[in-house]
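Computation of the quantities below employed the complete heavy-atom set of this structure, encompassing side-chain atoms and omitting hydrogens, waters and symmetry-equivalent molecules. Naming convention: chains lettered A, B, ... in sequence-line order (proteins, then strands); numbering from 1 in each chain.
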Amino acid sequence: DTGVSQDPRHKITKRGQNVTFRCDPISEHNRLYWYRQTLGQGPEFLTYFQNEAQLEKSRLLSDRFSAERPKGSFSTLEIQRTEQGDSAMYLCASSSPGQNTGELFFGEGSRLTVL
Amino acid sequence: GQQLNQSPQSMFIQEGEDVSMNCTSSSIFNTWLWYKQDPGEGPVLLIALYKAGELTSNGRLTAQFGITRKDSFLNISASIPSDVGIYFCAGIYNQGGKLIFGQGTELSVKP
């Protein structure tokens, strides 16, 4: 399967612990996005990379959140000192330079539950 | 910030019926897109619209980019059980900007 891959699919953690999610985009895609989705809501933008450069960050991305894409391929999203309000689905998406903006390919998401 | 208001929030229809849902905004958007999300999956792009007034079809799906650039609708004709899911409108309000999603319309289809 050559789609966007996310790992892990599910993570249950205790409040205060750190968690890290990984996203492998479609191989030729240079743009990578992170979104967060809570129950009954649409995805909310968190951050966006073009190659290894992080070009935009939402105000939703507090100091406890950090995203990296060191070699312009896979990306990681780390949440430090997790809080119950961080419980959500974290979606990764990618797009290629040849595509019109907005045409994103999403992964299946990483569901986080903070107890 | 920019928000997209989707309606209805949910729909319960009989198989074979046509469906219509829409999305409005107080701001002008340059691009409108419609995505579908199945349970436990990420959203999948259905239709993308890039010009005001544009009407685009994808099989039984038809979507339009409103002439005021502040709204869009999605129609599904002759619904089938696999149309069940959550439909999201999404838009971009400035060139190179991020994609903003509506709250979704949950569609249920009775066989």
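A:Y48 and A:F65 fall into different hydrophobic clusters, where Ile, Leu, Val, Met, Phe, Trp and Tyr residues are linked whenever their side-chain heavy atoms come under 4.5 Å apart, directly or through other members. A:F74 and A:I26 fall into different hydrophobic clusters, where Ile, Leu, Val, Met, Phe, Trp and Tyr side chains are chained together by heavy-atom contacts under 4.5 Å.
More than 12 heavy-atom neighbours from other residues, nucleotides or ligands sit within 6.0 angstrom of CG on B:L55. The local environment of CD in A:E52 is crowded, with over 12 non-hydrogen atoms from other residues, nucleotides or ligands closer than 6.0 Å. No more than 12 heavy atoms of other residues, nucleotides or ligands lie within 6.0 Å of CZ in A:R15, so this atom counts as exposed by the packing criterion. The neighbour count for A:L115 CG, taken as heavy atoms of other residues, nucleotides or ligands under 6.0 Å away, is above 12.
Within the model, atoms CD of A:E103 and CD1 of B:I47 stand 11.5 Å from one another, a figure rounded to the nearest 0.5 Å.
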### Message
Please determine whether side chain to side chain contact (heavy atoms under 4.5 Å, CB included) holds for the pair B:L99 and A:L104, giving the CA-CA distance in whole Å, both sets of side-chain angles, and the decisive distance to 0.1 Å.
### Response
CA-CA 9 Å; B:L99 192 60; A:L104 305 185; 3.8 Å; yes

### From CA spacing to verdict: side chain to side chain contact (heavy atoms under 4.5 Å, CB included), B:F88, A:Q37
CA-CA 12 Å; B:F88 291 101; A:Q37 186 177 26; 3.4 Å; yes

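Between A:Y35 and B:P43 the shortest side-chain heavy-atom distance does not fall below 4.5 Å. The shortest distance between side-chain heavy atoms of A:F106 and B:Y35 falls below 4.5 Å.
Per-residue counts of heavy-atom pairs under 4.5 Å with chain A were compared for B:E106, B:E41, B:Q9; the largest is that of B:E41.
Proximity to chain A is limited to the side chain of B:A48, based on heavy atoms less than 4.5 angstrom apart.
Judged by distance alone, the side chain of A:R9 and the main-chain N or O of B:G40 form a donor-acceptor pair under 3.5 Å.
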